[in-house]
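Scroll down for the structure; my scribbles are underneath it.
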Amino acid sequence: VQLQASGGGLVQAGGSLRLSCTASGSFFSLISLSWYRQAPGEERELVAGITRDGITNYANSVKGRFTISRDNAENTWFLQMSSLKPEDTAVYYCNLKTLLSYYSGTYYPEGYEHNYWGRGTQVTVSS
C-alpha cells in the first residue's frame, strides 16, 4: 500500500487549504484514516481521524476549524483546513491503519495493527 498526499502550500492566516491522500494497492480490515502533523522540533501529533464506521475525532487545537472526510470509492481522504493559524504550520502526514493477519512472516490470530504513512506535505501559514 502506498499513500500519496497533496494539497499543501503557503497560505495567509485565516485562509484555507484542503489536503488529499490517496491509497493505492490492496488493503483489508481498515481501522482508520488519519492526518498527523509535525512541526520543527516537535513530535508528530494526531490532527484528525475517521474510523471505518465513519466516527471522527480531532485534536482540540483544530476542532471547529478542520474537517476530515473520505471518498471510499476512490480510497481517498481529505482534510479541509479553515481559519488557519501560524501555529498550524507543519508537515502533514496521512496515515492508514489496518489489521493484518500476517506480518513479517508471523501469523497473528488477533490481528496485527499496521500503519501506512504518506511522505508528508508542507503547510505554511504566514501571519
Side-chain angles (χ1 to χ4, degrees):
V1 176
Q2 292 188 328
L3 307 185
Q4 181 65 50
S6 61
L10 173 65
V11 64
Q12 288 189 331
S16 299
L17 281 174
R18 189 192 197 206
L19 306 183
S20 300
C21 186
T22 299
S24 59
S26 299
F27 57 90
F28 305 94
S29 299
L30 175 69
I31 296 175
S32 64
L33 306 168
S34 303
W35 289 95
Y36 287 72
R37 67 186 180 188
Q38 186 168 20
E42 303 289 332
E43 292 191 354
R44 191 173 297 189
E45 64 172 353
L46 175 67
V47 176
I50 183 167
T51 69
R52 176 183 58 190
D53 298 325
I55 299 170
T56 58
N57 66 292
Y58 297 92
N60 287 333
S61 59
V62 307
K63 282 181 180 177
R65 299 189 298 121
F66 291 10
T67 302
I68 188 170
S69 61
R70 66 187 182 189
D71 181 339
N72 291 335
E74 299 295 329
N75 285 339
T76 299
W77 57 110
F78 310 92
L79 186 67
Q80 178 67 48
M81 305 184 293
S82 303
S83 302
L84 282 161
K85 305 175 181 180
E87 50 263 44
D88 294 318
T89 295
V91 177
Y92 284 70
Y93 298 90
C94 55
N95 169 276
L96 185 156
K97 182 179 293 185
T98 65
L99 198 63
L100 303 178
S101 297
Y102 288 89
Y103 184 73
S104 293
T106 300
Y107 174 65
Y108 292 86
E110 300 296 322
Y112 176 88
E113 287 192 5
H114 183 67
N115 288 286
Y116 296 96
W117 294 93
R119 297 182 68 175
T121 183
Q122 176 70 47
V123 172
T124 302
V125 184
S126 63
S127 56

Same hydrophobic cluster for V1 and L30, using side-chain heavy-atom links shorter than 4.5 Å among ILVMFWY?
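Yes; tracing contacts between hydrophobic side chains, which count when under 4.5 Å, links both residues.
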
Does I50 belong to the same Ile/Leu/Val/Met/Phe/Trp/Tyr cluster as V47, with side-chain heavy atoms less than 4.5 Å apart forming each link?
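Same cluster.
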
Which atom of [X] lies closest to which atom of [Y], heavy atoms considered:
{"X": "G7", "Y": "L17", "answer": "O-CD2, 3.9 Å"}
{"X": "A48", "Y": "L79", "answer": "CB-CD1, 4.0 Å"}
{"X": "Q38", "Y": "E42", "answer": "NE2-O, 3.1 Å"}
{"X": "A90", "Y": "A39", "answer": "CB-N, 3.8 Å"}
{"X": "S127", "Y": "P86", "answer": "CB-CG, 3.8 Å"}
{"X": "S83", "Y": "R65", "answer": "O-NH1, 2.9 Å"}

Just verifying a value: how many Å separate [X] [atom1] and [Y] [atom2], rounded to the nearest 0.5 Å?
{"X": "T56", "Y": "Y58", "atom1": "OG1", "atom2": "OH", "value": "4.5 Å"}
{"X": "L3", "Y": "L33", "atom1": "CG", "atom2": "CG", "value": "9.0 Å"}
{"X": "S69", "Y": "Q80", "atom1": "OG", "atom2": "CD", "value": "8.0 Å"}
{"X": "Q4", "Y": "N75", "atom1": "CD", "atom2": "CG", "value": "14.0 Å"}
{"X": "R70", "Y": "T76", "atom1": "CZ", "atom2": "OG1", "value": "12.0 Å"}
{"X": "S16", "Y": "F66", "atom1": "OG", "atom2": "CZ", "value": "9.5 Å"}

For a side-chain contact (heavy atoms from CB on, under 4.5 Å) check, start with the C-alpha distance between V91 and Y36, then their side-chain angles and the critical distance, and finish with the verdict.
CA-CA 8 Å; V91 177; Y36 287 72; over 6 Å; no

Between H114 and Y103, what is the ring plane arrangement, given parallel below 30°, perpendicular above 60°, and tilted in between?
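H114 and Y103: tilted rings.
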
Return the orientation label for the Y102 and Y107 ring planes: parallel under 30°, perpendicular over 60°, tilted otherwise.
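Tilted.
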
[X] side chain near [Y] side chain, heavy-atom distance below 4.5 Å:
{"X": "T106", "Y": "Y112", "answer": "no"}
{"X": "W35", "Y": "C21", "answer": "yes"}
{"X": "S20", "Y": "E74", "answer": "no"}
{"X": "L46", "Y": "N57", "answer": "yes"}

Checking side-chain contact (heavy atoms from CB on, under 4.5 Å) between M81 and each of D88, L19, V62, which is the one that passes?
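Exactly one option meets the side-chain contact (heavy atoms from CB on, under 4.5 Å) with M81, and it is L19.
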
Do side-chain atoms of [X] reach the backbone of [Y] as a donor and acceptor pair under 3.5 angstrom?
{"X": "W77", "Y": "I68", "answer": "no"}
{"X": "Y108", "Y": "E113", "answer": "no"}
{"X": "T98", "Y": "L100", "answer": "no"}

Go through the steps for Q12 and V125 under the test side-chain contact (heavy atoms from CB on, under 4.5 Å), then give the verdict.
CA-CA 5 Å; Q12 288 189 331; V125 184; over 6 Å; no

Heavy-atom count around R44 CZ within 6.0 Å, excluding the residue itself: above 12?
yes

Exceeds 12 heavy-atom contacts within 6.0 angstrom, atom CD of Q2
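Counting neighbours around CD of Q2, 12 or fewer heavy atoms of other residues, nucleotides or ligands fall under 6.0 Å, so no.
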
Check the pair L99 / F28 against side-chain contact (heavy atoms from CB on, under 4.5 Å), numbers first and verdict last.
CA-CA 7 Å; L99 198 63; F28 305 94; over 6 Å; no

Evaluate the side-chain contact (heavy atoms from CB on, under 4.5 Å) criterion for residues T67 and F78: first the C-alpha distance (whole Å), next the side-chain angles of each, then the deciding distance (0.1 Å), finally the verdict.
CA-CA 8 Å; T67 302; F78 310 92; over 6 Å; no

Do you see a donor-acceptor pair shorter than 3.5 Å between the side chains of T124 and Q122?
yes

